[in-house]
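One structure is given here, and the rest of the page talks about it.
Keep in mind it's a predicted model, so treat the numbers as computed, not measured. For ligands, and for the atoms within them, numbers begin at 1 and follow the listed sequence. For this chain, numbers begin at 1 and follow the sequence in order.
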Amino acid sequence: MQTLSQFLTHQKTDTNLVDLIDTLMVACKEIAIQLREGALAGVLGTTENTNVQGETQKKLDVIANDVLKKVMLDNPLVAGIASEEEDHPVAGNEEGRYLIIFDPLDGSSNIDVNVSVGTIFSILELPKGLTGADEKAYLQTGRAQVASGYVLYGPSAVLTLTTGSGVNMFTLAHTGDFLLTEENVTIPADTKEFSINMSNQRFWEPQMQNYIADLLQGSEGPRGKNYNMRWVASMVAEVHRVLTRGGIFSYPWDNRDPNKPGKLRLMYEGNPMGLLIEQASGKASTCYENILDIEPDHIHQRVSVALGSRNEVTSALEYHAGNE
Ligand code: AHM
Ligand code: MG
């Protein structure tokens, strides 16, 4: 079985990028160990702090952020990092070439109930004339990502990675190596499974309400088939399911807060997951435009998301057409 670095080297990935991804996995292995210890290590529960998003931080949000920040900033290739848990980007090495953007622990509402969580990451090159402390350096479209991925901490720890030529999955072995377990992941174009937090239904736009109402009618309705529903409340787990067996996942725009077009964040969640989905032949949209085409204007900006099986996402978008 091939290790992660063997696989990337065979793919002729830039050696600096291989080094950087290896460093990211050093941090993720440490996070996996802390998660596995759970209550034994006293890491469950919340802190007294809220992050820049106004959310209460879990102890493990803070631990995962500190681990990633320290490990990545120690790598001389890193010009700076931006994190969902940091107010502002943090500068790294002045000679560094890469910017690392991460959601240290996605789905952290699931930590205390021992359900899957994950780390999501996105890698960009530092634009000329800017430093890793400049927010502007990070405000690149999702298409500019040189790599993105996540580590799902579930029954097994799985790295899902793209460097722009397909999607591959690596499982963390007891030896500490990530070993290639799924090559060239492809999402089926059609599906009978959707994933959305139904409790927010009354806050959605009528277009999304109509689309989901039609799915719920099953084989009697206009879609002509019975759909199953799943909601883990960890985007990493939902995207992993979509990549593994197809499906549509959405966290759509809702009217709870007019300043927030959806709950998920473009730079930490939308873009890295969008690139994985597109590289696996799926589709990733806001319901109105391709996520990867958005010109970001803020490091913490929110975005509505509908992603997964190509034909199903296209059907969802048809309900929204003409409402731009
Ligand atoms: P987080 O990054 O603070 O954990 O929030 C993102 C998570 C996603 O993983 C998940 O899809 C969503 O929030 C669940 O939200 P809800 O609790 O509204 O169902
Ligand atoms: Mg998140």
Q. Closer than 4.0 angstrom: is that true for some heavy atom of E238 and an atom of ligand 1?
A. no
Q | I120 backbone acceptor or donor facing D106 side chain under 3.5 Å | A | no
**Q.** Result of checking M235, E238, M229 against S195 for side chain to side chain contact (heavy atoms under 4.5 Å, CB included)
**A.** E238
Q: Any chance you could measure T163, atom OG1, to Q145, atom CD, to the nearest 0.5 Å?
A: 12.0 Å
Q.
For a ring-ring contact (aromatic ring centres under 6.0 Å, His included) check, start with the C-alpha distance between Y288 and W253, then their side-chain angles and the critical distance, and finish with the verdict.
A. CA-CA 11 Å; Y288 295 106; W253 182 92; 9.3 Å; no
Q. Just heavy atoms, cut-off under 4.0 Å: does Y251 contact ligand 1 by side chain, backbone, both, or neither?
A. side chain
(Q) Does ligand 1 come near enough to E269 that some N or O of the ligand is less than 3.5 Å from an N or O of the residue? (A) yes
Q.
Between ligand 1 and S108, can you find any atom pair, the residue atom being a heavy atom, that is separated by under 4.0 Å?
A. yes
Q: Say whether G107, considering both its backbone and side-chain N or O atoms, lies within less than 3.5 Å of an N or O atom on ligand 1.
A: yes
Q. In ligand 1, which numbered atoms sit nearer than 4.0 Å to a non-hydrogen atom of S234?
A. 9 (O)
Q: For ring-ring contact (aromatic ring centres under 6.0 Å, His included), just list the numbers for Y211 and H320, CA-CA rounded to whole Å, side-chain angles, deciding distance to a tenth of an Å, and then say yes or no.
A: CA-CA 9 Å; Y211 166 63; H320 293 78; 7.5 Å; no
Q.
Looking at every heavy atom in both E85 and P104, which two are closest together, and how far apart are they?
A. CG-CG, 3.7 Å
Q. Are Y153 and T119 close enough that a side-chain donor and a side-chain acceptor fall under 3.5 Å?
A. yes
Q: Check ligand 1 against R265 and write out every atom of the ligand that is under 4.0 Å from a heavy-atom position of the residue.
A: 1 (P), 2 (O), 3 (O), 5 (O), 6 (C)
Q.
Can you tell whether the side chains of E125 and R97 come within less than 4.0 Å, N to carboxylate O?
A. yes
Q: Please verify whether a non-hydrogen atom of W231 lies at under 4.0 Å from ligand 1.
A: yes
(Q) Can you check which of K263, E84, R256, Q57 brings a heavy atom nearest to atom 12 (C) of ligand 1? (A) K263
Q: Have a look at ligand 1 and work out which part of N197, if any, has a heavy atom under 4.0 Å from it: side chain, backbone, both or neither.
A: side chain
**Q.** Polar contact flag for F249 and ligand 1 (N/O pairs, less than 3.5 Å)
**A.** no
**Q.** Under-4.0 Å heavy-atom contact with ligand 1, by part of D103 that carries it
**A.** side chain
